[in-house]
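To start, the structure under review is shown below, and the notes come after it.
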Amino acid sequence: MAKQPIINGKVVERAYEDYRSELFLVNRRYQRKLVWGVDEKRAFIDSLANGYPVPLFLFAKNDYKDLERFEIIDGLQRLNAVFSFIENGYALENGCFFDLASTAITKDLLDKGIVQQKLPILERTICVKIVSYELPFSIYDEKDSNIIDEVFRRINSNGQHLSRQEIRQAGATSNFAELVRDISTKIRGDVSHEDILLLSQMKKN
């Protein structure tokens, strides 16, 4: 019997702090590559800037390298869109980049030279609206990988979130299925050295 998830909110700025603290995990047994294009990312940021409702983010607690972290079940593309925008990975349609001086954590990263400010800079009031947006987070206290696989499969069985093959792959855990998955990811160039990795490492794989 699956457990009931705990639903709460977390503002973008706090979520970004968790990201920098390496608390978000990706399980490559069922998660695909980062596939959103810049137009999709911009559209999501526009929703935050205008206060429109966004879909729920679903996580499962996962003890990884002696620290409790959060495995992303649903919301990978959206989280990457937010965090990459904050780090000046892309500009909005008007050509403006996130103002790194608008939050304490990004200002600190800027001062240390960890991130670089690109120009032109988006109006600070808009940046504050974005980082103040409360994202709907749902934390699922379940560590049984079979149940998590089933939750992921059910979330993506309706609509066009994943292809049918990707949904089937998420539920296939036999040795043969693992071999097929490993070979196919190498052919696609979608290669990770381990199934579990940090969200910040996704762009490297």
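Remember, predicted model here, so these are calculated numbers, not experimental data.
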Evaluate Asn80 against Met202 for side chain to side chain contact (heavy atoms under 4.5 Å, CB included), listing each step before the verdict. CA-CA 9 Å; Asn80 178 67; Met202 279 292 288; over 6 Å; no

Between Asp46 and Arg42, does the salt bridge (Lys or Arg N to Asp or Glu O under 4.0 Å) criterion hold? Intermediate values first, please. CA-CA 6 Å; Asp46 185 70; Arg42 287 170 174 167; over 6 Å; no

Show your reasoning for whether side chain to side chain contact (heavy atoms under 4.5 Å, CB included) applies to Ser138 and Ile7. CA-CA 4 Å; Ser138 181; Ile7 301 175; 3.6 Å; yes

Apply salt bridge (Lys or Arg N to Asp or Glu O under 4.0 Å) to residues Lys129 and Glu123 and explain how you reach the verdict. CA-CA 10 Å; Lys129 285 182 181 179; Glu123 184 180 335; over 6 Å; no

List the steps and the verdict of side chain to side chain contact (heavy atoms under 4.5 Å, CB included) for Lys118 and Glu87. CA-CA 9 Å; Lys118 295 180 181 178; Glu87 294 187 343; over 6 Å; no

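When side chains are defined from C-beta on, Phe57 counts as touching Pro136, because their heavy atoms get closer than 4.5 Å. Phe83 places a side-chain heavy atom less than 4.5 Å from the side chain of Phe24. For the pair Asn27 and Ile73, the minimum side-chain heavy-atom distance is 4.5 Å or more. By the 4.5 Å heavy-atom criterion applied to side chains, Gln77 and Leu34 are counted as neighbours. For the pair Glu71/Ile148, a side-chain contact is recorded, criterion being any heavy-atom separation below 4.5 Å from C-beta on. In this structure the side chain of Thr106 reaches within 4.5 angstrom of the side chain of Tyr16, judged on heavy atoms. A heavy-atom distance below 4.5 Å is found between the side chains of Gln117 and Leu110. Val35 has its side chain out of reach of Glu40: every pair of non-hydrogen atoms, C-beta onward, lies at least 4.5 Å apart.
Rounded to the nearest 0.5 Å, atoms CG (Leu58) and CG (Leu76) are 13.0 Å apart. The CD1 atom of Ile86 lies 8.0 Å from the OG atom of Ser102; values are rounded to the nearest 0.5 Å. Of the inter-residue distances, the one linking Leu25 atom CG with Ile72 atom CD1 reads 7.5 Å to the nearest 0.5 angstrom. A distance of 12.0 Å separates SG of Cys127 from CG of Leu48, quoted to the nearest 0.5 Å. Taking SG from Cys96 and CD1 from Ile126, the interatomic distance works out to 8.0 Å, rounded to the nearest 0.5 Å. Lys65 contributes atom NZ, which lies 7.0 Å from atom CG of Leu198 (distance to the nearest 0.5 angstrom).
We find that Arg14 and Glu17 are joined by a salt bridge, their nearest charged nitrogen and carboxylate oxygen being less than 4.0 Å apart.
Residues Lys41 and Ala81 approach most closely at CG-CB, 3.8 Å, considering heavy atoms. When all heavy atoms of Phe98 and Asn88 are compared, the closest pair comes out as O-ND2, 3.0 Å. Nearest heavy atoms, Ala15 versus Phe137: CB-CZ, 4.0 Å. A pairwise comparison of heavy atoms in Ser200 and Glu22 identifies OG-OE2, 4.4 Å as the closest pair. A pairwise comparison of heavy atoms in Tyr64 and Arg69 identifies O-NE, 3.0 Å as the closest pair.
By the criterion of side-chain heavy atoms lying less than 4.5 angstrom apart, applied directly or through intervening Ile, Leu, Val, Met, Phe, Trp or Tyr residues, Val82 is not grouped with Ile121; the two fall into different hydrophobic clusters. Under the 4.5 Å side-chain heavy-atom criterion for ILVMFWY residues, a single connected hydrophobic cluster contains both Phe59 and Leu67. Under the 4.5 Å side-chain heavy-atom criterion for Ile, Leu, Val, Met, Phe, Trp and Tyr, Leu199 and Val12 are members of the same hydrophobic cluster. Connection of Leu79 to Leu109 is established within a shared hydrophobic cluster, with ILVMFWY side chains joined at heavy-atom distances below 4.5 Å, either directly or through further cluster members. Residues Val115 and Phe97 are members of separate hydrophobic clusters, defined by side-chain heavy-atom contacts under 4.5 angstrom among Ile, Leu, Val, Met, Phe, Trp and Tyr.
Formation of a donor-acceptor pair under 3.5 Å by the Tyr133 side chain with backbone atoms of Tyr52 is found in this model. Of the possible polar contacts, none joining the Asp99 side chain to the Arg124 backbone as a donor-acceptor pair under 3.5 Å is found.
Between Tyr90 and Phe85, the ring planes lie tilted relative to each other; the angle falls in the 30° to 60° range.
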